Protein chains: 2
Amino acid sequence: MAMGRPREFDADAALDQAMEVFWRHGYEGATIAQLTEAMGINPPSLYAAFGNKEGLLKAALDRYTAKRADWMEGVLSAPTARDVAERMLMGTADSQTDPDNPPGCLLVQGGLACGTGSENVPFELAARRALTEDQLRERFVRAKKEGDLKQTADPAALARYLSAVSAGMGVMASSGADREALRQVANVSVKVFEEQSTT
Amino acid sequence: MAMGRPREFDADAALDQAMEVFWRHGYEGATIAQLTEAMGINPPSLYAAFGNKEGLLKAALDRYTAKRADWMEGVLSAPTARDVAERMLMGTADSQTDPDNPPGCLLVQGGLACGTGSENVPFELAARRALTEDQLRERFVRAKKEGDLKQTADPAALARYLSAVSAGMGVMASSGADREALRQVANVSVKVFEEQSTT
DNA sequence: CCATATCTGTAGCGAGCACTACAGATATGG
DNA sequence: CCATATCTGTAGTGCTCGCTACAGATATGG
């Protein structure tokens with residue numbers, strides 16, 4: 001079998017650029033013209049590699065979560081539930097105001113409501129946000145077993161709470177809140193965990 | 001001077017319908033065709049009354065905030081900062097899962113990131129979210145003077161915190177979180193105010 | 001009743017959208 | 001070196017978008 005002409009662009013580097021465009025303009029606000037220009041390729045290459053606009057988004061989301069996996073592991077490996085919450089929210093405050101990225105979080109900025117024909121884009125983003133919440137919940141179940149969370153604590157509720165605060169910080173970051181403002185929110189939010197801790 | 005033919009539709013009723021469409025599909029996801037059909041009018045009537053799509057959004061936002069003004073007054077009139085927070089978050093949980101409305105909050109769902117040409121839509125929404133935060137901050141300044149908040153409490157930080165949690169709940173509601181889940185988040189969030197209270 | 005002013009519905013405008021047909025280029029398998 | 005398979009760039013496709021020209025309808029002021 002013949003192999004055909006090889007691809008001339010680096011898919012991961014192109015995805016990084018696509019990620020940025022989706023992050024800044026949202027799924028519907030990002031146009032194929034903007035995406036191809038940022039990626040340095042032409043439309044046929046995009047469609048050959050990723051199928052369509054939604055396929056490109058999914059690939060970009062995969063890369064987004066893969067890139068954050070290391071950081072998330074660091075968060076979950078904190079010694080106590082309280083420290084998990086602090087690392088999570090402080091890290092979120094910093095990354096959402098990192099000048100190297102668009103403000104906020106791609107999983108929120110990407111699109112909460114979409115027009116007819118893109119209904120499952122919000123769904124896709126929500127599913128990925130839920131993954132983080134699941135990890136947090138399981139970590140808090142463990143914290144309860146290990147005793148650093150009170151026996152009356154509700155791991156699912158605490159994980160949901162952290163998920164909500166992160167998303168809310170993303171909304172604020174997207175509308176210009178600076179790092180100090182987000183850290184303030186993080187600091188206030190963490191207090192909940194001190195009240196739920198045994199130490 | 002001649003007066004011209006009078007308008008045949010009720011502008012407020014039409015705005016209620018437009019609000020719904022923007023709420024469910026976001027600013028960019030909502031099309032003029034969907035809007036005019038929901039409003040029961042034709043494009044020329046829409047443009048004569050509201051100027052353009054963005055003007056219609058602003059009018060719908062005005063109506064949205066006006067409709068919530070009463071509720072907000074009830075929130076702010078709670079006796080203590082802690083009760084303000086509870087009414088705010090519980091009311092938010094209920095309204096964001098009210099089956100009579102699309103899920104979430106129009107000021108979040110409307111659009112966090114937009115395409116070229118609609119850049120100030122997110123700005124417009126953010127400005128209106130900031131108004132609520134301002135009201136909360138001033139209410140907490142008063143609570144501090146009145147002594148039901150500790151003297152070490154930071155009214156601005158607490159207001160920002162409530163604003164972030166509300167926005168986060170909106171994100172969760174938009175992705176299908178039910179009323180019970182949001183109330184859980186509200187309950188956890190309120191604990192911060194118990195720790196900051198003197199009673 | 002007439003002149004004027006505004007609203008309404010039909011029909012369609014140019015622009016920009018996501019997406020693709022096609023031809024030339026570049027690799028592999030035989 | 002040839003046949004095949006895939007990628008690349010050019011140049012579009014049809015469609016839907018926000019928006020509007022126009023003509024008919026309906027009110028007021030004189």
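Residue numbers begin at 1 in each chain, while the letters A, B, ... track the order of the sequences. A quick note: this is a predicted structure, and the numbers were derived from the prediction, not measured.
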Notebook entry, point to check: Using the ring of each side chain (for Trp, its six-membered ring), is B/Tyr27 parallel, tilted or perpendicular to B/Phe22, with breaks at 30° and 60°?
Noted result: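 Plane angle under 30°, so parallel.
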Could you state the atom-to-atom distance from [atom1] of [X] to [atom2] of [N] in whole Å?
{"X": "B/Met3", "N": "C/dC7", "atom1": "CE", "atom2": "P", "result": "11 Å"}
{"X": "A/Phe9", "N": "D/dG9", "atom1": "CZ", "atom2": "C1'", "result": "13 Å"}
{"X": "B/Arg7", "N": "C/dC7", "atom1": "CZ", "atom2": "P", "result": "6 Å"}

Next item on the list: Please assess A/Leu15 against A/Met19 for the test side-chain contact (heavy atoms from CB on, under 4.5 Å), listing each intermediate value before the final yes or no.
Entry: CA-CA 6 Å; A/Leu15 278 179; A/Met19 216 171 72; over 6 Å; no
Check: Nearest nucleotide by nearest heavy atom, which residue falls closer to the 5' end of DNA chain D, B/Arg5 or B/Glu54?
Finding: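 The 5'-side residue here is B/Glu54.
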Note to self: With nearest nucleotide decided by heavy atoms, which residue, B/Pro6 or B/Lys53, maps closer to the 5′ end of DNA chain D?
What the structure shows: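 Checking each residue's closest nucleotide, the 5'-ward one belongs to B/Lys53.
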Note to self: Counting only heavy atoms from other residues, nucleotides and ligands, does the tally under 6.0 Å from CZ of A/Phe123 exceed 12?
What the structure shows: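 No, CZ of A/Phe123 has 12 or fewer neighbouring heavy atoms, counting only those of other groups under 6.0 Å.
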Next item on the list: Kindly check if the number of other-residue, nucleotide or ligand heavy atoms within 6.0 Å of CD (A/Glu37) is above 12?
Entry: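 No, not enclosed.
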Next item on the list: With side-chain hydrogen bond (donor to acceptor under 3.5 Å, both in side chains) as the test, would you mind laying out the steps for B/Thr80 and B/Asp83 before giving the verdict?
Entry: CA-CA 5 Å; B/Thr80 65; B/Asp83 290 340; 3.3 Å; yes
Note to self: Under 4.0 Å, heavy atom to any atom of DNA chain C: which of residues 23-50 of chain A qualify?
What the structure shows: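 Per residue number, the list reads A/Ala30, A/Thr31, A/Ile32, A/Pro43, A/Pro44, A/Tyr47.
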Notebook entry, point to check: Between B/Phe193 and B/Phe140, does a ring pair (Phe, Tyr, Trp, His ring centres under 6.0 Å) hold up when you go through it step by step?
Noted result: CA-CA 11 Å; B/Phe193 285 82; B/Phe140 293 151; 5.3 Å; yes
Checklist line | Helix axis bend for the helix from C/dC1-D/dG30 to C/dG30-D/dC1 - C1'-based end axes, five pairs, 10° rounding | finding: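 The helix from C/dC1-D/dG30 to C/dG30-D/dC1 shows an end-to-end axis angle of 10°.
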Note to self: Has A/Ser118 got a side-chain atom pairing as donor or acceptor with A/Val121's backbone, closer than 3.5 angstrom?
What the structure shows: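 No.
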